[in-house]
2 protein chains.
Amino acid sequence: MTNKKNVTIQMVADRAGVSKSTVSRVISDYPDISDKTKKKVYQVMRDLNYYPSAIARSLANKKSKNVGLVLPADDDFFENPFFRDSLRAIAKTASSRGYDTLIAYNGDNETLSVERLVKANKVDGVIMMRSIISDPTIEYLRERKFPFVLIGKSLDYKDVYSVDTNNFEAAKKITEKLVKKGCKKIAFIGGNKESVVTIDRFNGYLECIKDNNLIFDDTLIQKNEFRKCDGYLSIKRILEKNPDLDGLVVTDAIIFSGVLEYIEKMGKGNKNLNLFNIVIGTFGTDNTYNSKLNIVNVDVDYMELGRASCDKIINILEGKEVNEIDIIDYILK
Amino acid sequence: MTNKKNVTIQMVADRAGVSKSTVSRVISDYPDISDKTKKKVYQVMRDLNYYPSAIARSLANKKSKNVGLVLPADDDFFENPFFRDSLRAIAKTASSRGYDTLIAYNGDNETLSVERLVKANKVDGVIMMRSIISDPTIEYLRERKFPFVLIGKSLDYKDVYSVDTNNFEAAKKITEKLVKKGCKKIAFIGGNKESVVTIDRFNGYLECIKDNNLIFDDTLIQKNEFRKCDGYLSIKRILEKNPDLDGLVVTDAIIFSGVLEYIEKMGKGNKNLNLFNIVIGTFGTDNTYNSKLNIVNVDVDYMELGRASCDKIINILEGKEVNEIDIIDYILK
DNA sequence: CTGAAAGCGCTTACAG
DNA sequence: CTGAAAGCGCTTACAG
């Protein structure tokens, strides 16, 4: 559907009075070309407004110069600021390195959407934006020996290239912060229990609770989905059994928004409930300003996670040496 | 970098005892093939786990089966729920129609990022996610006669394929709603004044103000950027000159969040300011629950905008007939 | 209904 | 330093 009949390498070769081989060589900056030829060819390329066809190069080189970005099929994922920030950083990084970003998403089956790109040779490597236990997409990619980088980490395999935050440590530290602020009864609200993030953060929370000999029982723990409504319901359930709650760790910005809504709503009438005295620790929340609540946040640099994962997959594709796992800093405040 | 040496059309041809031409024909569901051959070929394809190379097809067909999604270079854009929802719908729709979504974004120059994809033949058509006045990307695409669909509308050209909401009408109606609720002095906070959305919504607001002979002066109007801080500062400035403000139209979810923060912050101490009595009309805000404020929202179905724009560009690419402009409904509530 | 051949626009060993 | 030729994996008129 490109209307201007495209100018091809043959045309510039003819016009420059050389062979396509030579033109090809100047395009790819091959060393042994005389300055004269090089100049001439560049000139003609400019005159003709020539731009090599990525498709034809792909076929000849057997590489697409595309990285696939795998978006999970579940709706909640997109609400998380992590999605928009890392997507942006990935697209930008890819572009800066001469690659493009192709989205793998069909709305219902993550693995199928990836398979399609992989089988059709549309991407050279893949970035997975989320880690869960026994991930079928990872199974597929590994079996096919197809290059990929995982944002997060795999609990199933030790040899998966990944970029992660130390979620265990961050969760432990944020819980400790609540303890220092005087909290005695700290609850935990996480997302899906298959999610590696939830698992890591829960373990960090747990370790701190144990270290400090704080109360720990099932009525303080909620793990559901990464949805606002789950935050709402979780805090409700926890408070029913624990009206004396004074601390809360919430692992996700969206869940947190549900928690906040509940507290704002219920705290309004029942001043006696003292809902606003609960100190809350949360992760990756955009906006932690709240006039009535005491909120501590772990800030993960999502852009950096994106950038690092994209650089990593491209490094792998280009045969450069990379670490198995890279850890991105977080900021607790 | 695909490790399994890929099975090609030649291999299945050999194994099936036919020519590649024939295999190619059964792949593309060409009518005049005997059932026997068809069956045989399908069988072999399955046995060999054959999947045609999209790259090779692209080269032969001169189409990539990719649509380019143009993301604006400014940071604020990504904060808007519009971005995530329409992106998702676009990727999903493309996938369902056998296309893939390629992102055009390099972090600083929108037009360049598009040019790159277009020149390299990496996409067959393009979706632009935002409309501004005198958009250089549109200039480029038009000049090149490259197929594209605009989400929003062009004020510069009448013949641009686009998918839009009736922003003028929606803004007028939401302002009317404030009037019905008794507002006498209604301010307007919009985004960038080059943005078509801001222009349309401002005009809708303005018409209602005039129709009702309400106060209209410069101190009531703020147009800055689509940022939270601009919302914060805008409402501040407006209130300085208009302490008796009782209505406010805010054209964007992010700006609105800044307005909200200001009101929450300032309203807390100064009960006399009566900040919480201001009725607010806004657009596309995720979460309009607020225990103290009276908020009216125009809900635009961003997924539908995405879906429609993607279907439209693909229809164009496939030579189907399409409307110049499609209008997506909004819901006022 | 099917095959041989040319072509899509590049790259790259090979030879000089 | 440069060119002729084969090849990447498909499609599609053309001929039968």
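Heavy-atom basis, side chains included; hydrogens, waters and symmetry copies ignored. Proteins get letters first, then strands, A, B, ... in listed order; numbering begins at 1 in each.
A search for side chain to side chain donor-acceptor pair (under 3.5 Å) contacts involving B/Thr8 returns nothing, not counting sequence neighbours. B/Asp29 pairs by the side chain to side chain donor-acceptor pair (under 3.5 Å) definition with nothing, not counting sequence neighbours. With sequence neighbours left out, A/Thr165 forms a side chain to side chain donor-acceptor pair (under 3.5 Å) with no residue at all. In this view, A/Leu59 and B/Ile55, B/Ala56, B/Leu59 satisfy the side-chain contact (heavy atoms from CB on, under 4.5 Å) rule, not counting sequence neighbours. Take A/Asp326 and apply the side chain to side chain donor-acceptor pair (under 3.5 Å) test, not counting sequence neighbours, and it matches A/Lys312, A/Asn323. With sequence neighbours left out, A/Tyr105 forms a ring pair (Phe, Tyr, Trp, His ring centres under 6.0 Å) with A/Phe78.
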Contact string for nucleotides 11-16 of chain D, one letter per nucleotide 5' to 3', B = base within protein heavy-atom range under 4.0 Å, S = sugar-phosphate only, - = neither, reads BBBB--
Per-residue pairing states of DNA chain D in dot-bracket (Watson-Crick or G-U under 3.5 Å; . unpaired, | other strand) read |||.||||||||.|||
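Rounded to an integer number of Å, the gap from B/Tyr30 OH to C/dC1 C1' is 9 Å. For the pair A/Lys36 NZ and D/dC1 P, the interatomic distance rounds to 12 Å; values are reported in whole Å. What separates CG of B/Leu59 from C1' of C/dC10 is a distance of 8 Å, to the nearest Å. Rounded to an integer number of Å, the gap from CD of B/Gln10 to P of D/dG7 is 12 Å. The CG-P distance, from B/Asn121 to D/dC10, rounds to 19 Å in whole Å. Between the CG atom of A/Asp14 and the P atom of C/dG9 there is a distance of 13 Å, rounded to whole Å. The nearest whole Å value for the distance from the CE atom in A/Met11 to the P atom in C/dC10 is 9 Å. Rounded to an integer number of Å, the gap from NZ of B/Lys63 to P of C/dG9 is 15 Å.
Among residue pairs with one or both ends in residues 150-165 of chain A, those qualifying as salt bridge (Lys or Arg N to Asp or Glu O under 4.0 Å) are A/Arg142-A/Asp159, A/Lys153-A/Asp200; sequence neighbours excluded.
Nearest-nucleotide mapping onto DNA chain D: of B/Ser53 and A/Ile33, the residue sitting toward the 5' end is A/Ile33. Annotation: of the two residues near DNA chain C, A/Ile55 and B/Ser34, the 5′-most nearest-nucleotide partner is B/Ser34.
In terms of phosphate contacts, B/Ser19 brings a side-chain nitrogen or oxygen within less than 4.0 Å of OP1 or OP2 of C/dG3. The side chain of B/Tyr50 contributes an N or O atom lying less than 4.0 Å from OP1 or OP2 of D/dC10.
In this structure, B/Arg116 pairs ionically with A/Asp100, as a charged nitrogen and a carboxylate oxygen lie closer than 4.0 Å.
The residue A/Ser58 sits apart from the nucleic acid: no heavy atom pair falls under 4.0 Å.
Here, C/dT12 and C/dG16 have their C1' atoms 16 Å apart, quoted to the whole Å.
Around atom OH of B/Tyr50, more than 12 heavy atoms belonging to other residues, nucleotides or ligands sit under 6.0 Å away.
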